[in-house]
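Data first, discussion second: the structure below is written as structure tokens.
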Amino acid sequence: MKKTILITGGAGFIGSHLVRRMVNRYPDYHVVNIDKLTYAGNLENLKDVENASNYTFRKIDIVDWEQVKSVFENFNPDAIIHLAAESHVDRSIENPMAFVMTNVVGTVNLLNAAVQQLKHKPYFLFYHVSTDEVFGSLEEGGFFNEKTPYDPQSPYSASKASSDHFVRAYGNTYQLPYIISNCSNNYGPYQFPEKLIPLMIYRILKNESLPVYGQGLNVRDWLWVEDHVAAIDLIFHAPQAVGQTFTIGGKNEWKNIDIVHLLCDLMDHKLKRPNGSSRKLITFVKDRAGHDLRYAIDPSHLENTLGWKPSLTFEEGLHKTIDWYLANQDWVNRVTSGEYQLYFERQYQSRT
Ligand code: NAD
Ligand code: DAU
């Protein structure tokens with residue numbers, strides 16, 4: 001039977017991979033991508049599916065209730081997979097209110113529309129794509145799992161924790177069927193080059209300094225973006241997942257400085273530069289305020305109940321990622337040409 005699935009934030013990094021997967025794998029679904037097209041949203045990310053007969057795009061700001069309501073009225077959806085968000089921690093430190101508006105108010109608007117939609121579609125499903133940052137910071141040892149208490153430490157993670165709480169509250173209060181997944185750091189093609197991996201790739205390419213916060217000792221758990229969207233697809237289609245939470249991660253912890261070294265070495269090789277030349281670009285800069293030390297996910301619930309596992313090693317994923325950025329320098333130049341330059345200069349100057 002034909003289903004209509006709303007995907008919010010589908011022009012962003014993870015959202016564009018998810019839209020592409022759903023459009024291609026499920027020709028019977030009508031995939032409606034709603035996105036405000038902020039600096040982080042780019043329809044070029046979806047060029048290969050933009051003319052597909054089962055795909056529609058609408059430029060919508062989820063903070064605007066009238067726009068949200070009209071999308072639900074016009075498309076009568078069966079489910080929503082909600083990814084639209086302000087997603088960058090450094091920006092949340094500079095301007096927390098933008099995060100409150102989109103991540104909290106925008107999510108509550110969608111939840112209100114979803115509750116109204118239950119009158120037409122009693123099994124309407126609200127899937128919230130969230131982050132492991134809601135759990136706070138880990139010391140050595142220990143992993144986040146579905147039972148870890150919330151302890152958000154940045155304005156970004158506080159806004160995502162708040163939206164998770166609203167989703168569960170609507171499930172409890174209005175019997176809205178929901179799913180939440182909390183994923184670790186993603187990497188891969190189409191990631192906006194303000195995030196660590198694409199920022200380093202693009203600055204190594206341009207022979208520019210590589211700003212490593214603090215001593216570079218913070219640890220992140222990296223996952224190939226297509227493995228994240230494969231997990232979302234699997235969870236979304238599992239009837240037993242409704243009302244549950246899943247933590248998603250690739251058991252792939254790295255200190256930031258080790259990743260930057262690896263990227264430098266891989267790129268020296270690919271660009272035929274003398275060994276060690278990119279490492280000379282590394283500049284240790286002032287640390288991020290309130291910088292979480294370590295994130296690490298225990299994905300065993302997802303692995304054991306739904307059989308998910310990552311498809312690529314980190315080395316394979318990094319090779320693919322670097323090759324994509326080298327082949328798509330026009331994309332990088334276009335997405336970074338607007339307000340991003342001012343943002344980066346402001347950030348960089350405040351750290352040096
Ligand atoms: P992104 O910044 O690349 O994309 C966000 C998208 O949301 C953009 O297309 C943007 O235009 C859109 N958007 C922003 N504000 C909007 C608004 N008011 N109305 C409609 N659209 C709006 O983000 P991403 O890295 O792809 O992350 C997607 C989701 O996944 C977020 O909810 C994020 O919290 C979560 N997440 C991200 C990661 C990661 O490593 N990137 C990990 C775990 C969870
Ligand atoms: O854990 C999931 C989260 O991962 C997502 O919810 C967020 O949306 C996503 O942005 C990401 O957050 P991080 O803050 O971990 O990612 P970021 O790429 O900004 O930074 C990764 C690490 O690298 C972090 O410890 C800070 C450091 N860093 C980052 C930048 C941009 C640097 O040392 N230098 C930099 O220039």
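Whatever order the structure lists ligands and atoms in, that order sets their numbers, starting from 1. Computation of the quantities below employed the complete heavy-atom set of this structure, encompassing side-chain atoms and omitting hydrogens, waters and symmetry-equivalent molecules. We're numbering straight along the sequence, starting at 1.
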Please could you name the atoms of ligand 1 that [X] approaches to less than 4.0 Å, counting only its heavy atoms?
{"X": "T38", "result": "10 (C), 11 (O), 14 (C), 15 (N)"}
{"X": "L83", "result": "28 (C), 29 (C), 31 (C), 32 (O)"}
{"X": "K36", "result": "16 (C), 17 (C), 18 (N), 19 (N), 20 (C), 21 (N), 22 (C)"}
{"X": "N186", "result": "39 (C), 40 (O), 42 (C)"}
{"X": "N185", "result": "40 (O)"}
{"X": "G41", "result": "8 (C), 9 (O), 11 (O)"}

Regarding ligand 2, does [X] bring an N or O atom to under 3.5 Å of one of the ligand's N or O atoms?
{"X": "V212", "value": "no"}
{"X": "S184", "value": "no"}
{"X": "Y295", "value": "no"}
{"X": "W222", "value": "no"}

Practice task
Would you mind finding which of R288, R351, M200, R294 brings a heavy atom closest to atom 20 (O) of ligand 2?
Solution key: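 Looking at heavy atoms only, R288 sits closest to atom 20 (O) of ligand 2.
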Handout entry: Selected option - heavy-atom contact closest to atom 14 (C) of ligand 1, from A84, A85, G9
Key =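 When every heavy atom of A84, A85, G9 is considered, A85 comes closest to atom 14 (C) of ligand 1.
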Exercise for the section: Please confirm whether S184 comes under 4.0 Å of ligand 1, counting heavy atoms of the residue only. Expected result: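 Yes, S184 has a heavy atom closer than 4.0 Å to ligand 1.
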Practice task
Report yes or no: does a heavy atom of S130 sit under 4.0 Å from some atom of ligand 1?
Solution key: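 Yes; S130 lies near enough to ligand 1 that a heavy-atom distance drops under 4.0 Å.
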Is ligand 1 under 4.0 Å from a heavy atom in the side chain of [X], in the backbone, in both, or in neither?
{"X": "N103", "value": "neither"}
{"X": "Y39", "value": "neither"}
{"X": "L37", "value": "backbone"}
{"X": "M101", "value": "neither"}

Can you confirm, on distance only, whether ligand 1 has an N/O atom lying under 3.5 Å from any N/O atom belonging to [X]?
{"X": "T102", "answer": "yes"}
{"X": "I34", "answer": "no"}
{"X": "S87", "answer": "yes"}
{"X": "C183", "answer": "no"}
{"X": "N42", "answer": "no"}
{"X": "V63", "answer": "no"}
{"X": "Y156", "answer": "yes"}
{"X": "D35", "answer": "yes"}

Problem - Parallel, tilted or perpendicular, as decided by the 30° and 60° cut-offs, for the rings of W222 and F314 - result: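 It falls in the parallel class, under 30°.
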Practice task
Could you check whether the rings of Y29 and F236 sit parallel, tilted or perpendicular, using 30° and 60° as the cut-offs?
Solution key: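 Answer is perpendicular, since the angle exceeds 60°.
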Exercise for the section: Among all protein heavy atoms, pick the one closest to atom 18 (N) of ligand 1 and tell me residue, atom and distance. Expected result: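 For this ligand atom, the closest protein heavy atom is D61 OD1, 2.9 Å.
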Handout entry: Ring-face cation contact, F143 with R294, 6.0 Å cut, 45° max
Key =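 Ring-cation test returns yes.
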Handout entry: Which atom of F344 lies closest to which atom of P211, heavy atoms considered
Key =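 That closest heavy-atom pairing would be CZ-CG, 4.4 Å.
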Problem - Where ligand 2 meets D132 - atom numbers and elements under 4.0 angstrom, heavy-atom basis - result: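 It comes down to these atoms of ligand 2: 1 (O), 2 (C).
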Practice task
Would you please test H128 and Y178 for ring-ring contact (aromatic ring centres under 6.0 Å, His included) and show each step?
Solution key: CA-CA 8 Å; H128 187 221; Y178 73 89; 9.9 Å; no
